[in-house]
Amino acid sequence: MSAFNAIDTDREIEQEEFTPEIEPQATWCPGCGDFGVLKALKGAATELGLDPEEILLVTGIGCSGKLSSYFESYGFHSIHGRSLPVARAAKLANPELTVLAAGGDGDGYGIGGNHFMHTARENHDMTYIVFNNEIFGLTKGQTSPTSPKGHKSKTQPQGSAKDPLRPLSMSLSAGASYVARTAAVNPNQAKEILVEAIQHDGFSHVDFLTQCPTWNKDAKQYVPYIDIQQNDEYDFDVTERREAAEAMYETESALWEGKVLTGRYYQEDGRRTYHEEKMQQDSMPESPIAEQYFDDDHEWKRSYDLLDAHR
Amino acid sequence: MSAFNAIDTDREIEQEEFTPEIEPQATWCPGCGDFGVLKALKGAATELGLDPEEILLVTGIGCSGKLSSYFESYGFHSIHGRSLPVARAAKLANPELTVLAAGGDGDGYGIGGNHFMHTARENHDMTYIVFNNEIFGLTKGQTSPTSPKGHKSKTQPQGSAKDPLRPLSMSLSAGASYVARTAAVNPNQAKEILVEAIQHDGFSHVDFLTQCPTWNKDAKQYVPYIDIQQNDEYDFDVTERREAAEAMYETESALWEGKVLTGRYYQEDGRRTYHEEKMQQDSMPESPIAEQYFDDDHEWKRSYDLLDAHR
Amino acid sequence: MTENELIWRIAGGSGDGIDSTSQNFTKALMRAGLHVFTHRHYPSRIRGGHTYVEVRARGEPVQSRGDGYNFLLSLGDSFARNPQDDAYYGTEEVKPLTENLEDLNEGGIVVYDSGLLDEEDLPEDFDERAEANDWHVYPLDLRSIAKEHGREVMRNTAGVGATAALLDIDLRYFKELMAESMPEDVYETNVDVLEDAHGRVAEMDHDHDVSVPTGDHETEQVLLSASNAITYGALDEGCRFIAGYPMTPWTEVFTLMSQHLPEFGGVAEQVEDEIAAASLALGASHAGVKSMSGSSGGGFALMSEPLGLAEITETPVVLVEAARAGPSTGMPTKPEQGDLEHVLYTSQGDSNRVVFAPGNVAEAYEQTRKAFELAYDYHIPAIVMYDQKLSGELRNVDTDFFDREPNPDPGATLTEDELSEAAHHASGKFQRYQHDTPAGASPRSIPGQRGGRFLASGNEHTPEGHISEDPDNRVAQMNRRMEKLDSIEQDLAENASHQSRRGDEDATYGIMTFGSQQGTVEEAAEEIEAFLESVDECLVVEMNASAQFKGLVQRELGRFGPRMSSLLKYNGNPFEPAEIVEGFEATINGTEFERPTARFQPAAGD
Amino acid sequence: MTENELIWRIAGGSGDGIDSTSQNFTKALMRAGLHVFTHRHYPSRIRGGHTYVEVRARGEPVQSRGDGYNFLLSLGDSFARNPQDDAYYGTEEVKPLTENLEDLNEGGIVVYDSGLLDEEDLPEDFDERAEANDWHVYPLDLRSIAKEHGREVMRNTAGVGATAALLDIDLRYFKELMAESMPEDVYETNVDVLEDAHGRVAEMDHDHDVSVPTGDHETEQVLLSASNAITYGALDEGCRFIAGYPMTPWTEVFTLMSQHLPEFGGVAEQVEDEIAAASLALGASHAGVKSMSGSSGGGFALMSEPLGLAEITETPVVLVEAARAGPSTGMPTKPEQGDLEHVLYTSQGDSNRVVFAPGNVAEAYEQTRKAFELAYDYHIPAIVMYDQKLSGELRNVDTDFFDREPNPDPGATLTEDELSEAAHHASGKFQRYQHDTPAGASPRSIPGQRGGRFLASGNEHTPEGHISEDPDNRVAQMNRRMEKLDSIEQDLAENASHQSRRGDEDATYGIMTFGSQQGTVEEAAEEIEAFLESVDECLVVEMNASAQFKGLVQRELGRFGPRMSSLLKYNGNPFEPAEIVEGFEATINGTEFERPTARFQPAAGD
Ligand SMILES: Cc1ncc(C[n+]2csc(CCOP(=O)(O)OP(=O)(O)O)c2C)c(N)n1
Ligand SMILES: Cc1ncc(C[n+]2csc(CCOP(=O)(O)OP(=O)(O)O)c2C)c(N)n1
Ligand code: SF4
Ligand code: SF4
Ligand SMILES: [Mg+2]
Ligand SMILES: [Mg+2]
């Protein structure tokens with residue numbers, strides 16, 4: 001018995017099913033990289049044969065956060081920086097759901113940075129997509145934690161004095177088990193990477209370069225880009241942490257100089273997901289907790305059985 | 001003229017001046033590693049000839065947070081996880097102060113993790129001491145972000161399912177320009193490292209292993225320890241980021257196996273502090289802002305001069 | 001009072017086992033047929049520092065800690081700091097004795113451990129005070145007795161033996177309890193210590209009047225604190241997920257839930273901070289599991305933003321707020337009721353939540369269950385507020401009280417079958433937030449259900465959850481969300497008011513209070529109105545400095561200000577009955593309220 | 001009203017330059033001698049979506065947006081989504097026209113850009129409605145006029161030219177303003193567009209009655225919003241540090257401060273989140289700099305914990321709360337006054353803060369200065385609360401109003417000389433938190449000062465700041481902190497009430513409101529009491545759903561509930577005068593309040 005029949009259906013899924021008829025067109029600005037994420041995600045979900053109703057997509061606040069308005073599935077458009085804690089609990093409540101979290105660079109690396117680090121180390125089996133446009137889009141163009149040093153904005157009129165944060169390196173140190181960077185301008189790679197990330201068992205982090213033509217005009221549009229898997233100059237083993245770390249460092253530094261490197265950086269297989277770790281320690285029930293409430297045969301324990309300690 | 005005559009005095013400083021007569025004895029449990037931090041800090045401050053009144057010590061909440069009660073100086077015992085934002089603003093307000101921040105592993109790597117990362121990347125010229133006892137001390141022994149996987153506590157009765165966080169690696173990826181680990185059981189090294197950290201121009205991070213005999217009995221007492229600078233097996237260049245990263249990774253992994261490595265891991269010289277970066281960009285006045293209010297000759301601009309834009 | 005009650009206080013340093021010793025003592029008295037009540041006092045410090053537990057026992061039910069106390073067992077603080085000139089904490093060694101003398105009633109007993117405290121360390125005026133107050137002092141070398149048979153820590157057991165001898169309590173109960181909890185060899189040495197101390201004291205002169213009352217329970221009793229009761233209420237109501245971050249005193253409920261949830265088929269998560277904790281509770285609830293989180297003081301403050309998210313997305317959740325003395329870190333181990341307004345109003349925009357403030361163990365259980373029920377029926381955050389005082393109070397309750405059915409009902413949640421009949425947008429998106437629904441809540445679906453997809457959004461939204469700033473939709477959604485409170489008020493009025501009124505219907509004077517003493521629910525103001533209508537003057541008793549509960553009543557009713565005086569206490573200790581009596585007299589007679597421990601604030605003149 | 005005022009509305013898509021065009025239009029009218037007032041409406045969207053600005057101009061001072069409006073310049077939304085079946089947002093292209101018709105007064109003018117909107121796209125009933133309402137409709141191909149001379153975006157300029165022609169406004173003002181802000185070549189093409197559009201329209205039939213009133217300013221005027229005024233108040237009061245994180249509408253003040261502070265010798269920091277932002281403000285203030293932070297809605301909610309820290313450590317700080325429609329993300333670009341209780345009570349423990357709610361540009365300046373003054377004199381957090389409505393309102397103010405001296409006084413702060421005379425513990429530690437001080441605040445020292453070392457702690461503390469749980473010390477410290485509010489109330493009563501009362505002293509009926517319409521200060525309840533005493537019935541007008549301001553008055557006074565009716569609006573738009581008139585009639589006559597846009601709540605019967 002399952003109370004959740006959208007999960008693991010074998011219906012044929014069409015890509016259009018992921019377009020909400022109720023709001024089929026995004027309000028992103030013309031030329032915005034966010035369209036690229038939406039398209040890649042629709043493509044990936046279709047390729048994976050996912051049912052819109054077995055996906056929970058949790059987003060933060062920002063232009064990027066509107067993804068859940070434009071992608072048809074169960075959605076949770078939460079608050080700024082908190083998509084990950086909402087998402088990972090939903091996964092614990094029902095591990096059979098496909099759980100995706102998404103948000104901007106401000107949302108995920110700024111205000112939400114700590115949740116990012118802690119979710120990564122726990123290795124929850126979910127995918128986190130960060131729309132990295134190196135800017136705060138929705139609030140009209142302020143410096144973000146990935147904006148290059150010297151970047152001028154209304155709140156940093158003299159230019160940012162801060163070194164930008166290194167999202168890939170941080171992710172690896174924190175413990176993400178799949179780390180990749182792709183770009184809106186590279187739709188095929190983006191879709192493939194999302195497919196891999198969703199398939200990956202564990203926490204997968206995709207740093208998605210999304211140009212913001214409205215507020216980040218000076219920044220490169222992320223072209224030309226180099227796919228490090230396609231380019232002999234960047235030959236390294238994505239399963240080797242040390243090599244991955246170097247490639248990430250180089251990629252992050254290169255971007256500040258205007259050179260756009262993308263691709264898979266790290267993939268650790270065989271590491272237990274958080275769910276598996278908890279099972280291992282008898283601190284997680286075998287079947288999804290969410291099902292208990294729909295299961296008439298479930299045996300409900302009661303506190304009356306615990307009173308011995310109080311006599 | 002200075003309104004702050006405790007700064008840069010050339011008085012002879014005695015170590016006892018750092019003991020508050022009003023509360024000369026700490027309430028830490030017998031055998032607690034926190035005593036080691038207090039002693040090392042008193043020693044370092046004396047060696048550096050600092051006046052208690054030119055130091056601002058900002059602490060978080062935890063057993064560790066009580067440091068400001070037992071170290072005589074200007075102190076700010078703030079709230080859980082927020083010592084760094086309080087401290088770095090004080091430094092901006094008056095760059096001539098010696099600013100120290102301190103707190104526990106829960107305080108700094110758990111709830112305060114994001115401030116740690118962002119303060120590091122900004123490279124504020126201050127020292128951050130984390131009392132790492134791999135446990136929540138003050139709240140009575142719950143699992144902390146550095147508790148080893150499998151660690152049992154009241155809130156994780158079956159054992160922690162989480163990989164502990166890597167404080168040194170995170171610090172490096174985030175952008176700290178001085179990173180070291182020392183231990184309460186190694187008082188000489190601890191003092192020397194604190195001296196270096198305070199002298200360092202930029203953000204220095206000291207992960208200070210402090211045994212908690214009350215709640216973390218199973219954990220090693222951090223003996224025997226190896227000083228990596230004293231041991232030929234660990235020969236690497238602390239000014240080389242890549243080598244430092246490897247040494248950190250190894251050190252963190254070793255600790256989970258019970259092997260205690262300590263020493264200096266990374267030192268980046270010549271990088272501009274945040275204050276210098278802001279000066280460079282004309283977004284920071286030359287003399288301490290705090291002095292303006294005591295300077296009768298200071299010229300105070302007024303909004304009346306800005307009205308042209310509104311006519 | 002001495003004849004029909006015992007108020008026994010055991011004092012020492014943190015980490016000296018005061019807590020567990022007092023708990024066994026209380027259980028023993030309960031097993032002996034008495035009603036019991038404990039009050040705990042401890043510092044924010046792991047080892048050392050003055051701590052005590054008071055145990056009150058009567059033949060009748062006990063509601064409060066009582067006035068003063070009549071038996072002090074002073075054990076010494078083995079982690080005391082050495083005395084040092086100018087140190088503001090003074091001589092910690094003698095504190096287990098000296099700090100407790102002020103409240104000791106006339107004719108009371110003092111037993112102190114002369115093995116830890118030399119006679120010359122006693123305060124100079126000690127003998128004088130003892131004489132003036134007719135205290136009966138027994139210096140006993142408990143430490144040596146303990147050491148003689150076993151280990152020094154067993155001096156607590158020796159103290160209990162001495163108490164039993166002085167009060168003529170059967171040792172049987174203590175032995176039983178020790179046997180249940182200790183390994184054989186430890187048990188044996190403890191019994192030796194117990195009996196030895198008992199024997200020695202039994203031989204002494206007993207010229208005091210303190211005695212243990214007698215009593216008899218009709219049914220079996222259990223001893224619990226409100227923290228236990230909240231935990232059990234949550235478990236029985238089907239809560240299977242908790243996320244939290246430790247903070248005193250919230251840690252108690254969090255720890256208990258963490259220990260029980262795995263065996264109950266649920267999950268407990270300790271996470272990076274309280275913002276995450278509350279957000280996880282929302283995530284799990286959204287995905288179909290009855291969920292809770294909670295914190296104290298500053299930790300609850302961090303939940304402000306997710307709390308608002310729960311309100312607008314109508315995600316059911318129960319939060320526990322375990323209050324302590326504020327503001328900020330304040331006095332982390334001391335009780336206060338200063339968080340009422342914070343809990344009612346924190347988070348931007350109009351609040352839309354239910355707040356319970358249970359007043360005792362039984363109410364804590366009932367109201368926690370009700371909190372879950374309302375949260376899941378009405379899709380609203382429900383907050384159970386309690387405080388350090390309640391979490392430290394152990395009380396006896398009939399075992400039968402807990403013989404209830406668990407409730408697995410997920411509330412206003414549809415099954416897939418029901419979903420197939422429910423209202424959808426033409427495109428197939430489920431209308432989870434309909435404009436008009438009978439009781440306020442619009443039934444929800446759960447991710448993974450076929451036919452249930454919708455968007456939950458912190459932005460104002462259409463019936464399907466899509467972001468909308470349309471003014472008419474806005475008004476409809478706001479009204480529906482706000483109406484829930486009316487429905488809940490009605491529901492509670494019909495089914496369970498959680499408010500109790502005692503005494504004469506025609507009383508001229510009244511006393512009103514909430515929380516640790518009595519329960520209240522936001523918005524359920526009708527009964528209070530009727531009460532205030534009926535009395536001429538009323539004293540409002542609360543543990544905070546700004547009269548928040550009185551303010552709430554005034555806010556809701558806009559009347560009766562001139563009838564209400566306030567008695568406020570915020571020095572870290574709960575009220576004693578005598579303070580309330582004096583405050584009440586000040587209300588009626590206009591006499592001066594003279595205690596420095598609390599503040600009387602007369603009603604504003606008309 | 002048509003004769004003596006113009007209410008001009010310019011509508012289009014976000015990103016189409018509506019804002020700057022309307023601003024220049026307003027300045028032009030101001031320069032022409034009129035009093036002006038703008039109202040801004042925009043969606044939470046960067047490009048496209050229906051946005052408008054309304055400009056009201058009169059010969060007399062203007063206090064509100066007025067009822068409806070009489071001139072629509074509809075420019076089209078160049079980022080409109082294409083119409084699609086089932087999409088709930090409908091046909092965005094025509095929204096700049098259709099969404100604005102409801103409020104257009106009888107006899108009003110409509111100018112729309114026929115270059116963007118074909119006649120066949122018009123709503124079916126458009127002609128009918130125009131006729132029924134006697135609207136005068138001018139379809140003009142503004143887009144082509146713009147393209148002909150320059151670039152398409154200049155169609156705004158064409159629209160202004162058309163407006164000027166229809167209303168007979170001298171083009172001189174517009175040209176001057178364009179000359180001041182545009183590079184030569186852009187200016188020239190714009191002038192061409194302006195004149196061309198003007199010329200074409202001037203030739204048309206003008207059978208409407210809409211006209212521009214005349215006026216004359218005695219002194220030079222400046223045009224500002226409350227955001228400008230708050231910024232200027234802060235700068236003039238010596239604020240030299242700000243930390244923040246962007247959030248609408250708080251971003252306005254934060255951006256303005258960030259732009260000005262470097263030239264004013266201060267520092268502005270954009271940081272990782274709002275918890276950090278508030279904490280930085282405390283850190284800088286502690287180290288001696290007058291500091292501020294602030295946010296909106298959820299961002300302010302995150303400041304709850306540091307706010308409490310400021311209260312107990314007595315760290316002076318000014319926070320701005322720029323409210324918007326909640327709960328949670330709510331309607332981020334729409335005004336509401338739903339955060340009042342949140343701002344008053346968030347953070348655990350008894351609150352100890354001052355809240356200002358200025359009602360217009362001048363008050364925003366004055367009260368921000370006062371906020372800093374009180375914060376630094378009394379060591380208390382002071383909050384300036386305003387909202388989207390005030391931040392979007394541009395008003396003219398006498399230039400002379402700003403001709404004031406800056407205030408570098410650091411408040412209750414000692415110099416080293418004064419410190420050497422001040423009270424110290426025997427060990428030399430400064431007693432920064434003395435039990436008894438005349439006005440509530442105990443003067444502070446600044447780190448780095450010789451002889452000033454002390455500990456600031458979020459825990460309850462001794463005079464030197466060391467952690468203490470002593471009950472007597474607790475009561476003394478709490479009382480002193482709470483007393484500040486009394487001192488402040490007195491200070492304000494004597495020096496600056498920030499409350500204004502208009503109309504007849506003997507009025508039987510009253511209207512009461514706060515914030516965007518009028519200022520109020522927590523605790524300064526006496527004047528309100530006198531006012532309520534004097535009237536028989538009172539209508540309380542506020543932009544939220546739960547009558548928070550009325551609740552506050554009732555909480556403080558405990559009386560007058562039965563006298564106060566509420567008029568509540570929470571659909572995202574501010575009140576229009578006619579709604580208030582109708583609400584007032586409902587109060588007095590008991591007539592039905594029939595508008596769906598707001599809710600009337602009669603006073604609870606006695
Ligand atoms: C607590 C909180 N602080 C601030 C905001 C305002 N805010 C909304 S989106 C955003 C940042 C947007 O930047 P990013 O996360 O990079 O997303 P983008 O718009 O660029 O996709 C901010 C600061 C908020 N909604 N909540
Ligand atoms: C916001 C908030 N959450 C929780 C707490 C409770 N708390 C106090 S100290 C502490 C953790 C202590 O652990 P750590 O930071 O490692 O310090 P230690 O006591 O081990 O030195 C916690 C959770 C708090 N004070 N504030
Ligand atoms: S502002 Fe930037 S990120 Fe946002 S929708 Fe426009 S282009 Fe995209
Ligand atoms: S509990 Fe642990 S960390 Fe805290 S004082 Fe005791 S030994 Fe030290
Ligand atoms: Mg961004
Ligand atoms: Mg710790």
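Sequence lines set the chain letters: A, B, ... in the order given, protein chains first and strands last, and positions in each chain run from 1.
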- Among D:Asn544, D:Ile275, D:Val553, the residue with the most heavy-atom pairs under 4.5 Å to chain C is D:Asn544
- Of all of C:Glu341, C:Met303, C:Glu305, which one pairs up most often with chain D through heavy atoms under 4.5 Å apart? C:Glu341
- Interchain contact, D:Thr462 with chain C, by part (heavy-atom threshold 4.5 Å): side chain
- Side chain, backbone, both or neither: which part of D:Ser427 has an atom under 4.5 Å from a heavy atom of chain C? neither
- Query: Measuring heavy-atom distances to chain D, does C:Ala325 have an atom under 4.5 Å in its side chain, in its backbone, in both, or in neither?
  - Reply: both
- Just jot down the ring pair (Phe, Tyr, Trp, His ring centres under 6.0 Å) partners of D:Tyr245, sequence neighbours excluded, or say none. A:His80, A:Phe136
- So which of D:Gly338, D:Gly572, D:Gly330 has the biggest tally of heavy-atom pairs under 4.5 Å with chain C? D:Gly330
- Query: How far apart are the closest heavy atoms of C:Met478 and D:Pro327, and which atoms are they?
  - Reply: SD-CD, 4.3 Å
- With distance as the sole criterion, is a donor-acceptor pair present between the side chains of D:Asn479 and C:Tyr570 under 3.5 Å? yes
- Message: The criterion is side chain to side chain contact (heavy atoms under 4.5 Å, CB included); which residues satisfy it with D:Pro471, sequence neighbours excluded?
- Response: C:Asn571, C:Asn573
- Go through D:Leu302, D:Asp339, D:Asp86 and name the one with the most non-hydrogen pairs under 4.5 angstrom from chain C. D:Asp339
- Identify which of D:Glu311, D:Arg324, D:Lys334 forms the greatest number of heavy-atom pairs closer than 4.5 Å to chain C. D:Lys334
- Do C:Glu336 and D:Arg474 sit within salt-bridge range, that is, some charged N less than 4.0 Å from a carboxylate O? yes
- Message: Need one label for D:Ser44: side chain, backbone, both or neither, based on atoms under 4.5 Å from any heavy atom in chain C.
- Response: both
